[in-house]
Amino acid sequence: MNTELEELYQQVILDHSKRPRNFGELPDAVSVHGDNPSCGDEIDLHVKFRADGGVEDLKFTGTGCAISLASASLMTMKLKGKPRAEAEEFLRAFHQLVTSDTAPTQKGLGDLILLGGVRKFPQRVKCAMLAWRAFEQALHEPGATVTTEES
Amino acid sequence: MTSIDWAKVRSDFPILAQQVNGRPLLYLDNAASSQKPRAVIDALVKYYEHDNANVHRGLHELSSRATDAFEGARTKVARYLGAESAEEIIFTRGTTEGINLVANTWGVANVKAGDVILLTEMEHHSNLVPWQLLAEKVGARLRFIPVADDGSLALDRLGELLTPEVKLFAFVQVSNSLGTINPAAELCRAARAVGAVTLVDGAQSAGHMPVNVRELGCDFYAFSGHKICAPTGIGALWGRRELLEKMPPWHGGGEMIVSVTYERATYKQPPHKFEAGTPNIAGAVGLGAAIDYLEAIGRQNIFDHGAELTERAVKHLGEIPGIRVLGPMHRGALAAFHAEWAHPHDLTTFANEHGLALRGGHHCTQPLMRKLKLPGTTRASFYFYNTADEVDRMAAILRDARKFFDR
């Protein structure tokens, strides 16, 4: 079997895509819709911020490929309860992880590291980034729609 | 069926003899675009090395050779479609441009507020969006023949939908996302009975089966060159002469005029009236060469070979657990399917790593995918240079994909 494929679709990633965590609605949350029209990936990300801007809770709903669903699932687990600055740092680190050959310096990415295999598949980076772009939008301009297709 | 040496035919396509990701290329995305035989590539080279100049203008040798080559290609297209004359053939960039031309000329002149444009639920965006734009412009309404559960058109609804308010009925001859072969002649007859003009989207049929516009009884027929072994950026629109003659021009410019003052212009007769600017001469030459090539093989042979491959593929796919093939039994040379264990994009990524080119996604039929409640499908589409062995290899790769994703 092809090792790059093995790296892209590790067991943990397939598991998260089939049984995504934090999947569902979140009342009284900020919501952002993200989609990649040419793929059909769609996500609705719901984020509840604390008064100090930290992430209290987040959930998502949507449909998409294994990479987009696993990325969203792992992201919600990672960002839940994080102070705003730290959440922004993870966003930056994750982007570096899936796009750059230099390993991110950010510690504590945990299972998100498993999505690093995406960097060998440039056409799939937008799948991995969709939930993260939605989160970025929630931080800066909640209520809007995002896409990762032009990036 | 005439006996064809398909292995020899395949060797006419230089691009197919390559490895992708360490495996022999297995190209099954022919409904998106076909590959080009050496004869077409050579025709382009010969044109550019010997005959290139602008058409219909210069009085010099090269211009007259280029004009002959360009108009010669038009004659070939006319013969290929069974048109009455070459004057009924307008060169376009492809099916999309042909449909937009009809919407913007015949449509704007003839479709009025309250009129109905009848389409089907299986149209490609290229045979949907131009009509949405026209309907919005003139205040017309769109109406759709539903797709039945088996992927064919719900023809039992035709009577109630194809009413005298229908000014235009535009439909696809072979669906790019289901493979359905629609009964085009029957639909055109029914349209004629209520006085509706018909446009047939021939993108998936022109290179795959015998097509004769007079036997179809349609009024317009549009197709793309690149799906029938010709270069990209060239296609043709056939229109019934009496309709073309009454249509206003679309694009204005050189090539399409008889005389011009600062205030106004008079226009040439069709087809040149609809071909403003320097055309895609080399593309037309390539299209002519592609038509010669396809006719030497024979379109019935091409259809039969495609049907054999598709039947084999559908049988293989049906044996893989969790795969459901869409569309009716009687189909064009493609099989689109849903795999419950992998999203189309994960599946096409997996396939690509094994040298297999499949298409995953909504196939430019978003409303249909929404109706079918699918995020998209994976599609294998065949052409005459594909082989039974390739179909078997595709099936083996998909069986491996199931083991890989369903763990």
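Protein chains get the first letters and strands the later ones, always in sequence-line order, with residue 1 at the start of each.
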So the salt bridge (charged side-chain N to carboxylate O under 4.0 Å, His left out) pairs with at least one residue in residues 349-366 of chain B (sequence neighbours excluded) are none
Applying a strict 4.5 Å limit to non-hydrogen atoms, the region of A/Q11 in contact with chain B is both
* To do: Flag yes if more than 12 heavy atoms outside B/D389 fall under 6.0 Å of its CG atom; otherwise flag no.
  => yes
The complete set of salt bridge (charged side-chain N to carboxylate O under 4.0 Å, His left out) pairs with one or both residues in residues 10-25 of chain A, sequence neighbours excluded, reads A/D15-A/R19, A/D15-A/R21
In short, B/R407 meets A/Y9 closest at the heavy-atom pair NH2-O, 2.5 Å
Counting heavy-atom pairs under 4.5 Å with chain B, the top scorer among A/S68, A/C127, A/S17, A/G64 is A/G64
Okay, A/I67 and chain B: the region with an atom under 4.5 Å from a heavy atom over there is both
Separation between CG (A/N2) and CG (B/D400), nearest 0.5 Å, reads 11.5 Å
*asked:* Take a 6.0 Å sphere around CD of A/Q123 and say whether it holds more than 12 heavy atoms from other residues, nucleotides or ligands.
replied: no
* To do: Could you tell me whether B/E136 atom CD has more than 12 heavy atoms of other residues or ligands within 6.0 Å of it?
  => no
Those residues of residues 334-349 of chain B that come under 4.5 Å of chain A on a heavy-atom basis, listed by number, are B/H343, B/H345, B/D346, B/T349
**Prompt:** Quick check: are there more than 12 heavy atoms from other residues, nucleotides or ligands sitting under 6.0 Å from CZ of A/R84?
**Reply:** yes
Indicate every side-chain donor-acceptor pair of residues 49-60 of chain A with a distance under 3.5 Å to a residue at least two apart or in another chain.
{"residue": "A/R50", "atom": "NE", "partner": "A/D52", "partner atom": "OD1", "Å": "3.4"}
{"residue": "A/D52", "atom": "OD1", "partner": "A/G54", "partner atom": "N", "Å": "2.9"}
{"residue": "A/D57", "atom": "OD1", "partner": "A/K80", "partner atom": "NZ", "Å": "3.4"}

